[in-house]
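Side chains included, hydrogens not; waters and symmetry mates left out as well; all remaining heavy atoms used. Values in this document were obtained by computation on a predicted structure and should not be read as measured data.
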Amino acid sequence: MLREHLIKPILGHKYPTIAYGQGVFLYDEDGKVYLDASSGAVTAGIGHGVQDIIDAMQEQAGKVSFVYRSQFTSEPAEALAAKLSDLAPGQDYWSFFVNSGSEATETAMKIAIQHWQEQGRHGKNKVISRRMSYHGITMGALSMSGHTLRRRRFVPLLEDFPVVAPPYCYRCPLHSVHPSCGMACADDLETAIRRIGTEHIAAFIAEPIVGAAGGALTPPPGYYARIKAICERHELLFIADEVMTGIGRTGAMFAMEHDGVEPDLIALGKGMSAGYTPMAATMVKDHVMAPILQGSRSVMAGHTYSANPQSAAVSLAVLHYIEQHGLVQQAADRGRYLLAKLQQLADGIPIIGDVRGRGLLLGIEFVQDHATKEPFPAAAGLTSRVIEKAMQKGLLVYPASGAIDGVGDAILVAPPMVITEAELDLLAKLLEAAIREVMDELAPPAPDADTEVT
């Protein structure tokens, strides 16, 4: 066997080689078909092989694919920034374009800190977050993340930003029950601010629906209105990490629309280019930019490929495609259909503890005891087994953490917004078969009929 040169997620693991994709399906070089029930990494929102996007790629490539942002702007980048502002809650955002969600959240952190520096408030340099959260893999983004497993190797190098309880109604970390709790998890932010001191805090960052770190944790209604009010009362900027939830995924163009909240900054990625090109954005409200415009007039961030015209043209084409085909509403409708399907599975499969989420961002948490909600031990490798079994059957789902502090199992089910009801039926059928086979493998062997019980 020839040695490998590509560093893959698991070294030595045999990965199938992709040949092509079409719609919600992927095909490997051996001809095996996979239903992409996770949109890759919750990214391919409009499906694979869309000709409109391919045409936009070719058209822009025929003009110019790269310019450096300190030398030129471009029509696609200007148009994309204007379009995102038109679509966003409040419609008064600037955009700083980067290449990945990690870069978008880290840039949001930097802009939030610079916002206060430009006003002479240099002590406001912390960005606090929730204990179950994931904002990216760069050091700054990981410092803001409460994803236990992804932080573990680098803890000595990271800031200790995640301190606030997550809105995890299935396993309330504050040992309360909604609605009698009065949303104590939201008030935990105010407790943390008073403990740390508002003079030290620049911003609070949160995913509207917690993805990889919580398996689609979805707060109760009114949670984010409470969060935004606390931030305003204590002079914190609110950063919404919409890298996974943004651009239609939850049945609204931006997930924060469900709560009627206008974040001060928004991080986007994944769905804004639907996987057709690396592209992400940090969106910044006018009032956050104002001190910078009146001061240094320069945001201290930047990357070689920032505002790349090729990627901007592709992202703009994706946004137009989503609007033209009514995919935001379709995500809401198909999401309700899929949620009902998954809830039916939960009724008949005892290791499914909870089904949650919104639109086409849904999560399944697994437990070994339905009554006590006790998670499986890490040694059981349940999430990996479900994902592997599903893939064997031609279904792709996404790993997530479940239970408090990441000790537990969950998956995300997040197919492209173009999926049909017939394809959702197939998804549910394949997923049920995979989970049942894993459950059967974990079941203790039945006692031998010839063995005397004493």
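Ala390 is linked by a side-chain contact (heavy atoms from CB on, under 4.5 Å) to Leu395, Val397, Ala434, counting only residues two or more places apart in sequence or in another chain. Residues passing the ring-ring contact (aromatic ring centres under 6.0 Å, His included) test with Tyr68: none are found, sequence neighbours excluded. Under the salt bridge (charged side-chain N to carboxylate O under 4.0 Å, His left out) criterion, Arg131 pairs with no residue, sequence neighbours left out. Judged as a salt bridge (charged side-chain N to carboxylate O under 4.0 Å, His left out), and not counting sequence neighbours, the contacts of Arg171 are Glu365. Partners of Glu437 under the salt bridge (charged side-chain N to carboxylate O under 4.0 Å, His left out) rule, at least two apart in sequence or in another chain, are Lys389, Lys393. By the salt bridge (charged side-chain N to carboxylate O under 4.0 Å, His left out) test, Glu374 pairs with no residue at all, sequence neighbours left out.
Of the N and O atoms on the side chains of His258 and Thr250, at least one donor lies less than 3.5 Å from an acceptor on the other residue. Between the side chains of Ser65 and Gln310, at least one donor N or O sits under 3.5 Å from an acceptor N or O. Side chains of Arg358 and Thr245: no donor on one and acceptor on the other come within 3.5 Å. Remark: the Glu78 side chain and the Thr73 side chain contain an N/O donor-acceptor pair separated by less than 3.5 Å.
In summary, of the residues considered (Phe25, Tyr27, Tyr34), a ring pair (Phe, Tyr, Trp, His ring centres under 6.0 Å) with Tyr20 occurs for Tyr27 alone.
Using bins of under 30°, 30° to 60° and over 60° for the plane-to-plane angle, the ring pair Tyr305/Phe66 lands in the perpendicular bin. Between His147 and Tyr134, the ring planes are perpendicular. Angles over 60° get that label, and only those under 30° would be called parallel.
Of the possible donor and acceptor atoms, none in the side chain of Gln91 sits under 3.5 Å from a partner among the backbone N and O of Ser85. Formation of a donor-acceptor pair under 3.5 Å by the Ser102 side chain with backbone atoms of Ile137 is found in this model. Looking only at distances, no side-chain donor or acceptor of Glu159 sits under 3.5 Å from a matching main-chain atom of Ser143. At least one donor-acceptor pair under 3.5 Å links the side chain of Glu242 to the backbone N or O of Ala255. Remark: the backbone N or O of Ala104 is paired with a side-chain donor or acceptor of Thr282 at under 3.5 angstrom.
For the pair Met183 and Pro220, the tightest heavy-atom approach, listed with the atom from each and the gap, is SD-CG, 3.8 Å. Taking both residues in full, the closest heavy atoms of Gly357 and Thr218 are given as CA-OG1, 3.2 Å, listed atom of the first, atom of the second, then distance. Residues Ala280 and Gly101 share a closest heavy-atom pair of CB-N, 4.0 Å. Contact record, Leu412 with Gly363: CD2-CA, 4.3 Å, taken as the closest heavy-atom pair. In terms of heavy atoms, Phe96 sits closest to Ser306 at CE2-OG, 4.0 Å. Closest non-hydrogen pair, Leu362 versus Ala216, comes out as C-CB, 3.8 Å.
For the atom pair Phe161 CZ and Ser129 OG, the distance stands at 8.5 Å (nearest 0.5 Å). Annotation: the span from His303 atom NE2 to Glu103 atom CD amounts to 4.0 Å, rounded to 0.5 Å.
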Next on the checklist: Let's go through Phe97 and Asn308 carefully: what are the C-alpha distance in whole Å and the side-chain angles of both, what is the deciding distance for side-chain contact (heavy atoms from CB on, under 4.5 Å) to 0.1 Å, and is it a yes or a no?
Outcome noted: CA-CA 8 Å; Phe97 294 121; Asn308 176 265; over 6 Å; no
Next on the checklist: Phe204 vs Leu237, test: side-chain contact (heavy atoms from CB on, under 4.5 Å). Steps then yes/no.
Outcome noted: CA-CA 6 Å; Phe204 172 70; Leu237 300 177; over 6 Å; no
Item to check | Stepwise side-chain contact (heavy atoms from CB on, under 4.5 Å) test for Tyr321 and Leu327 | outcome: CA-CA 8 Å; Tyr321 188 89; Leu327 295 186; 4.1 Å; yes
Item to check | Verdict with supporting geometry, Met279 and Asn99, side-chain contact (heavy atoms from CB on, under 4.5 Å) | outcome: CA-CA 4 Å; Met279 190 60 157; Asn99 311 298; 5.8 Å; no
Could you tabulate the donor-acceptor pairs under 3.5 Å formed by side-chain atoms of residues 41-50, not counting sequence neighbours?
unit_1: Thr43; atom_1: OG1; unit_2: Ala41; atom_2: O; d: 3.0
unit_1: His48; atom_1: NE2; unit_2: Asp36; atom_2: OD2; d: 2.9

Hey, can you pull the donor-acceptor pairs under 3.5 Å for the side chains in residues 332-352, sequence neighbours left out?
unit_1: Asp333; atom_1: OD1; unit_2: Gln329; atom_2: NE2; d: 2.9
unit_1: Asp333; atom_1: OD1; unit_2: Arg336; atom_2: NH2; d: 2.5
unit_1: Arg334; atom_1: NE; unit_2: Ile419; atom_2: O; d: 2.8
unit_1: Tyr337; atom_1: OH; unit_2: Asp425; atom_2: OD1; d: 2.6
unit_1: Tyr337; atom_1: OH; unit_2: Asp425; atom_2: OD2; d: 3.4
unit_1: Lys341; atom_1: NZ; unit_2: Asp425; atom_2: OD1; d: 3.2

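Here salt bridge (charged side-chain N to carboxylate O under 4.0 Å, His left out) pairs that include residues 302-330, with residues two or more places apart or in two chains, are Lys83-Glu323. Legend: salt bridge (charged side-chain N to carboxylate O under 4.0 Å, His left out) pairs involving residues 376-386, not counting sequence neighbours, sorted by first then second residue: Arg385-Glu441. Applying the salt bridge (charged side-chain N to carboxylate O under 4.0 Å, His left out) test to pairs two or more places apart or on separate chains, those with a residue in residues 258-273 are Lys228-Asp264, Glu262-Lys285. Pairs of residues two or more places apart, or lying in two chains, that qualify as side chain to side chain donor-acceptor pair (under 3.5 Å) and include a residue from residues 173-187 are Asp187-Arg226.
Counted within 6.0 Å of NZ on Lys429, heavy atoms from surrounding residues, nucleotides or ligands total 12 or fewer; the atom is thus considered open. Around the NZ atom of Lys8, the shell of radius 6.0 Å holds more than 12 heavy atoms that belong to other residues, nucleotides or ligands.
Using a 4.0 Å cut-off between charged side-chain N and carboxylate O, Asp354 and Arg356 make a salt bridge.
Inter-residue side-chain proximity for Ile205 and Phe238 is flagged as unmet; no heavy-atom pair is nearer than 4.5 Å. Counting heavy atoms from C-beta on, the side chains of Met283 and Leu268 come closer than 4.5 Å. Under the 4.5 Å side-chain criterion, counting only non-hydrogen atoms from C-beta, Pro76 is in contact with Gln60. Residues Leu174 and Cys181 form no side-chain contact, since every pair of their non-hydrogen atoms from C-beta on lies 4.5 Å or further apart. By the 4.5 Å heavy-atom criterion applied to side chains, Met417 and Ser39 are not counted as neighbours. Annotation: side chain of Ser311 is not in contact with side chain of Ser273 (no heavy-atom distance under 4.5 Å). A 4.5 Å side-chain heavy-atom check between Phe366 and Ile411 finds at least one atom pair inside the cut-off.
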